[in-house]
Amino acid sequence: MTKDLFERIVEDKGPLGKWADKAEGYYVFPKLEGPISNRMSFNGKKVITWSINDYLGLANHPEVLKVDGAAAKEHGLAYPMGARMMSGHTPFHEQLERECAQFVDKEKAYLLNFGYQGIMSAIDALVTKHDIIVYDMDTHACIIDGVRLHAGKRFVYRHNDMESFEKNIKRAKRMAEKTGGGILVISEGVFGMRGEQGRLKEIIAFKKEYNFRFLVDDAHGFGTLGKDGRGTGFEQGVQDEIDVYFATFAKSMAGIGAFLAGNKDVIQYLQYNMRSQTFAKSLPMAMVKGALKRLDMLRTMPELKAKLWENTNALQSGLIEAGFDLGTTQTCITPVFLKGDIPEAMAMVNDLRENHGIFCSIVVYPVIPKGLIILRLIPTATHTQQDIDETITAFSAIRALLENGTYKKIAALMV
């Protein structure tokens, strides 16, 4: 008799799903309410929010709201209807592509509806079954899912480990010589969990010998690193060696959408061969005009990025002075590493939110190894020194309770 497809789902909800009954609505799928800012409402209380990727504070900036509102009033949220290739193409989409390409110093750009599906589809379009992919093991889930679509061989190297990279690029070269294909290397500009920059400069040093092409996902670097926030490639002085550059509007630009940029021929090829764009509705005009405004603010308002980094430096230096381990972050992303299990982490986060008014993301197994907890903080230009001081005081208090076993006892009562 054929097994019921759903039998496995009922029996095994997955490493995170098994906590759903206890965690949903609070630890996962929480409901932050009110205007996006440094302080929002959660569970009926005001909390300092460190989990919103609104790096430059544009989400509720008056100039942004004015343009967003005017565009929505003029066009609604439906226009243009249809996929761009068929009926959803406009001069404003083209203008945004031109300005994005110019901003990141590339020949051509292609606008994407969403970052996640966009980069997945780009990977799928860039390679054939004869080609080889080499990628960092800590890349975002959207890249992992894009690599899964690949019908050919792929090699993964240890995170930011150049010895491991060289070993795998050699393997890729040998394989490509057999298949007659090429090599695509993929890294992130900024790794979103731990805040490290990808080792773009070191990877590029291997290009001449191994003849690969380089795709960089710069979701967290765009707007936060480099001159005027032009990204990690500018920060490291290697932008011209990145063959396909990807950035999203969902973080520093506080919007929806993304873009790819690179050589005209390559971007045009993607434009005509990315299934996620060919068969999906065009990005609405309100989002396009809003993105044009946000991009102009990146170019003309350097004080936004300066304030972001002022807050970042104050937060990170304060945490380090208080004895916290921030790992090897080189960016605004501020991971605080602690030791404990998932129930302890849940008890600790409950204390942070209910008694200290601090809301930050919690990262546990299977995203990171068992026994580790990351409290991940995202500073923005809207945070204040008071927010930072209150947070460091709260973190010192919860660390003491974690280390003396209080949260373990609380967790035992929660089971």
### Summary
Closest heavy-atom pair, G257 versus T248, reported as atoms and distance to 0.1 Å, is O-OG1, 3.2 Å
### Query
When you measure from the centre of the six-membered ring of F234, is the NZ or CZ of K227 under 6.0 Å away and within 45° of the axis?
no
### Summary
Rounded to the nearest 0.5 Å, the CG atom of L375 sits from the OG1 atom of T334 at a distance of 12.0 Å
#### Entry: Working for side chain to side chain contact (heavy atoms under 4.5 Å, CB included), residues D217 and I186
CA-CA 8 Å; D217 174 350; I186 307 173; 5.8 Å; no
### Message
Closer than 3.5 angstrom, by distance alone: can the side chain of K106 be matched with the main-chain N or O of K264 as a donor-acceptor pair?
### Response
no
### Query
When rounded to the nearest 0.5 angstrom, what distance separates OH in Y245 from CG in D240?
13.5 Å
### Task
Taking all heavy atoms of K173 and all of E209, pick out the closest pair and write down the distance.
NZ-O, 3.5 Å
### Task
Would you check if Q277 and L112 make a side-chain contact, meaning some heavy-atom pair closer than 4.5 Å?
yes
### Message
If you apply the rule side chain to side chain contact (heavy atoms under 4.5 Å, CB included), what do you find for T380 with N53, and how did you get there?
### Response
CA-CA 8 Å; T380 73; N53 289 316; over 6 Å; no
### Message
Any side-chain to backbone donor/acceptor pair from S164 onto R158? Under 3.5 Å, distance only.
### Response
yes
#### Entry: From CD1 (I242) to OG (S187), nearest 0.5 Å
9.0 Å
### Query
ring-ring contact (aromatic ring centres under 6.0 Å, His included) with H93: which residues, sequence neighbours excluded?
none
### Message
Go through it in stages, so that I can follow the logic: the residues are F214 and E241, the test is side chain to side chain contact (heavy atoms under 4.5 Å, CB included), and I'd like the CA-CA distance, side-chain angles, deciding distance and then a yes or no.
### Response
CA-CA 8 Å; F214 195 20; E241 292 290 343; over 6 Å; no
#### Entry: SG-OH distance between C142 and Y116, expressed to the nearest 0.5 angstrom
6.0 Å
### Query
Under 3.5 Å, is there a donor-acceptor pair between the side chain of S121 and the main chain of G118?
no
### Message
So does I143 get a backbone contact from the side chain of T139, meaning a donor-acceptor N/O pair under 3.5 Å?
### Response
no
### Task
State whether K170 and E177 are salt-bridged, where the test is any N-O pair (Lys NZ or Arg NE/NH1/NH2 against Asp/Glu carboxylate O) under 4.0 Å.
no
### Query
Are any non-hydrogen side-chain atoms of F92 and L292 less than 4.5 angstrom apart?
yes
### Message
Would R199 and E166 count as a salt bridge (charged side-chain N to carboxylate O under 4.0 Å, His left out) here? Give the steps.
### Response
CA-CA 13 Å; R199 298 184 67 177; E166 186 172 16; over 6 Å; no
### Message
Quick test of your reading of the model: are K289 and E74 salt-bridged, counting only N-O distances below 4.0 Å?
### Response
yes
### Message
Salt bridge or not between D387 and R39? Use side-chain N to carboxylate O under 4.0 Å.
### Response
yes
#### Entry: Residues K293, E63: salt bridge by 4.0 Å N-O rule
yes
### Task
Give a yes or no on whether the backbone of C332 and the side-chain of T312 come within a donor-acceptor separation of less than 3.5 Å.
no
### Query
Counting N and O atoms only, with roles assigned by atom type, does the side chain of N60 sit under 3.5 Å from a partner on the main chain of I36, one being a donor and the other an acceptor?
yes
### Query
In a check of side chain to side chain contact (heavy atoms under 4.5 Å, CB included) between V185 and each of Y210, F212, F206, which one passes?
F212
### Electrostatic pair D243-K207, nearest N-O below 4.0 angstrom
yes
### Message
Tell me which pairs pass salt bridge (Lys or Arg N to Asp or Glu O under 4.0 Å) where either residue lies in residues 300-321, with sequence neighbours left out.
### Response
K307-E310
### F337 backbone acceptor or donor facing D325 side chain under 3.5 Å
no
#### Entry: Any donor-acceptor N/O pair, Q239 side chain to V104 backbone, under 3.5 Å
yes
### Task
Dump the intermediate steps for side chain to side chain contact (heavy atoms under 4.5 Å, CB included) on D124 and H150, then the final yes or no.
CA-CA 6 Å; D124 179 50; H150 179 41; over 6 Å; no
### Query
Could E235 and R230 be called an ion pair, given the rule that one side-chain N must be under 4.0 Å from one carboxylate O?
no
## Note on the structure
Note: I362 and A345 closest approach over all heavy atoms is CD1-CB, 3.3 Å
### Query
Do the side-chain N and O atoms of E94 and H89 include a donor-acceptor pair separated by under 3.5 angstrom?
yes
### Query
Can you check whether T331 reaches H220 side chain to side chain, under 4.5 Å on heavy atoms?
no
### Message
Less than 3.5 Å apart, any donor N or O on the side chain of D136 or H159 sitting next to an acceptor on the other?
### Response
yes
### Task
Check F259, F249, F246 against F222 for a ring pair (Phe, Tyr, Trp, His ring centres under 6.0 Å) and give me the one that passes.
F259
### Message
Distance to the ring centre below 6.0 angstrom and angle to the axis at most 45 degrees; does that hold for R353 and F42?
### Response
yes
### Task
Kindly say whether Q197 contributes a backbone atom to a donor-acceptor pair with the side chain of N160 at under 3.5 angstrom?
yes
### Query
How long is the span from the CE atom in M175 to the CG atom in N168, to the nearest 0.5 Å?
11.5 Å
### Spacing of CG belonging to L295 relative to CD belonging to E99, to within rounding of 0.5 Å
6.0 Å
#### Entry: Beyond-backbone contact of M40 with I52, side-chain heavy atoms, under 4.5 angstrom
yes
### Message
Quick test of your reading of the model: are D68 and R294 salt-bridged, counting only N-O distances below 4.0 Å?
### Response
yes
### Task
Kindly say whether N263 contributes a backbone atom to a donor-acceptor pair with the side chain of E107 at under 3.5 angstrom?
no
### Query
Below 4.5 Å, heavy atoms only, C-beta onward: do N43 and E354 meet side chain to side chain?
yes
